[in-house]
Asks: 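First, the structure itself, so that you have it in front of you.
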Number of protein chains: 2
Amino acid sequence: MALDETDRRILRVLQRRGRISNAELATEATLSASACHRRVQRLEAEGYVRDYVALLDARKLDLPTTVFVEIKLSAQADDVLEAFETAVARVPAVLECHLMAGTADYILKVVAEDTEDFARIHRQYLTRLPGVAQMQSSFALRTVFKTTALPV
Amino acid sequence: MALDETDRRILRVLQRRGRISNAELATEATLSASACHRRVQRLEAEGYVRDYVALLDARKLDLPTTVFVEIKLSAQADDVLEAFETAVARVPAVLECHLMAGTADYILKVVAEDTEDFARIHRQYLTRLPGVAQMQSSFALRTVFKTTALPV
DNA sequence: ATTGAAAGCACTACCTG
DNA sequence: CAGGTAGTGCTTTCAAT
């Protein structure tokens, strides 16, 4: 159940190199291939590893613009939250949605081609989200860094 | 250079299933294994695919708390920004750092075990970042959703 | 924890339209 | 030039030690 140092080492490597071969991973973890393989299977089965994914280059795909959108709802009732969350999950440009503590605020992370494209997303999708009282958008000038690797 | 519909299909699949075998990916893209393999190699070489990574379960690893930290610097000179960015990149709990448009503001995304652990990170790392004039932390109560998949 | 063996896979070289 | 066919050597995976 609990992770030892070898498990954490495996997870650290997999977080950076998700397509590494089991043979190479075993070397990095100083294990035999089969022992390493069994640990990885255990870590996957127990849910430590949620997914393996390819990370694409947002610039190359013409989506270099990141916008954080702060949204205040008109009410905090559960059904209002639920309706909002269901609707926001259907907007492809929204990569993250967090319910914030304190007020009934959400923060969305949105990607777009440029400010004009964001204006379109805003008009076409965001203004149609249910239960919204206020919305404020903050544009990222530049992503200094971004990682999916948790400190394990 | 430009992507056709088959390329985008491959990228969509790889964004969800980064460890899919080439054989299965070829089936999903209705291509032969070799044709598919060559396309993937091209997409990697041209930089559309930045990385393959494992996404871990932050809850299982006792890091369920996400905090957005807004930081205003005391000056906007390049060397002040650079010093700040270099220092913030060394804090393991900081997963993202964005320079925001308009003011000299940064937004950080930070993960922690709980509010107490965040207090420690704040005290130990964030208060020591150079050039900071103001700092405001907003806690996420709940991550509604989070994806790394860009809309391609 | 290592070994060995069977199956599946990646990758290449070589054709085909 | 992109896709298909076929062959070689690795990797995975499981069973046995």
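Naming convention: chains lettered A, B, ... in sequence-line order (proteins, then strands); numbering from 1 in each chain.
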Asks: How many angstroms lie between CZ in Arg38(A) and OG in Ser32(A), if you round to the nearest 0.5 Å?
Replies: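 Atom-to-atom, Arg38(A):CZ and Ser32(A):OG are 7.0 Å apart.
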Asks: Can you identify which nucleotide, out of dG4(D), dT12(D), dC14(D), has its nearest atom closest to the Ala35(B) side chain?
Replies: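 From the listed options, dG4(D) comes nearest.
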Asks: How many whole angstroms separate atom NE2 of His37(B) from atom P of dA2(D)?
Replies: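 After rounding, the reported distance stands at 16 Å.
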Asks: Describe the nucleic acid contact of Leu31(A) in one word from base, sugar-phosphate, nothing, applying a heavy-atom distance below 4.0 Å.
Replies: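 Answer is nothing: Leu31(A) stays at 4.0 Å or more from every strand.
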Asks: Can we say Glu44(B) and Arg50(B) salt-bridge, meaning some charged N sits less than 4.0 Å from an Asp/Glu carboxylate O?
Replies: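 Salt bridge: no.
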Asks: Please determine whether a side-chain nitrogen of the Lys or Arg among Asp51(B) and Arg17(A) lies less than 4.0 Å from a carboxylate oxygen of the Asp or Glu.
Replies: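 Between Arg17(A) and Asp51(B) there is no salt bridge, as every charged N stays at least 4.0 Å from the carboxylate O atoms.
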Asks: Does the distance from a Lys or Arg side-chain N to an Asp or Glu carboxylate O, for Asp114(B) and Arg120(B), drop under 4.0 Å?
Replies: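 Looking at Asp114(B) and Arg120(B), the cut-off is not met.
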Asks: Would you kindly give the CZ-to-C1' distance between Arg39(B) and dG3(D), to the nearest whole Å?
Replies: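 In whole Å, dG3(D) C1' lies 9 Å from Arg39(B) CZ.
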Asks: Heavy atom of residues 4-22 of chain B under 4.0 Å from DNA chain D: which residues?
Replies: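 DNA chain D contact set from residues 4-22 of chain B: none.
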Asks: Just verifying a value: how many Å separate Thr147(B) OG1 and Glu96(A) CD, rounded to the nearest 0.5 Å?
Replies: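 Thr147(B) atom OG1 to Glu96(A) atom CD measures 9.0 Å (nearest 0.5 Å).
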Asks: When we call it a touch if two heavy atoms are under 4.0 Å apart, what does Arg38(B) touch: a base, just sugar-phosphate, or nothing?
Replies: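 Result for Arg38(B) = base.
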Asks: Of all nucleotides in DNA chain C that come within under 4.0 Å of a heavy atom of chain B, which is furthest toward the 5' end and which toward the 3' end?
Replies: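 First-to-last contact on DNA chain C, by the 4.0 Å heavy-atom rule, is dC9(C) to dT12(C).
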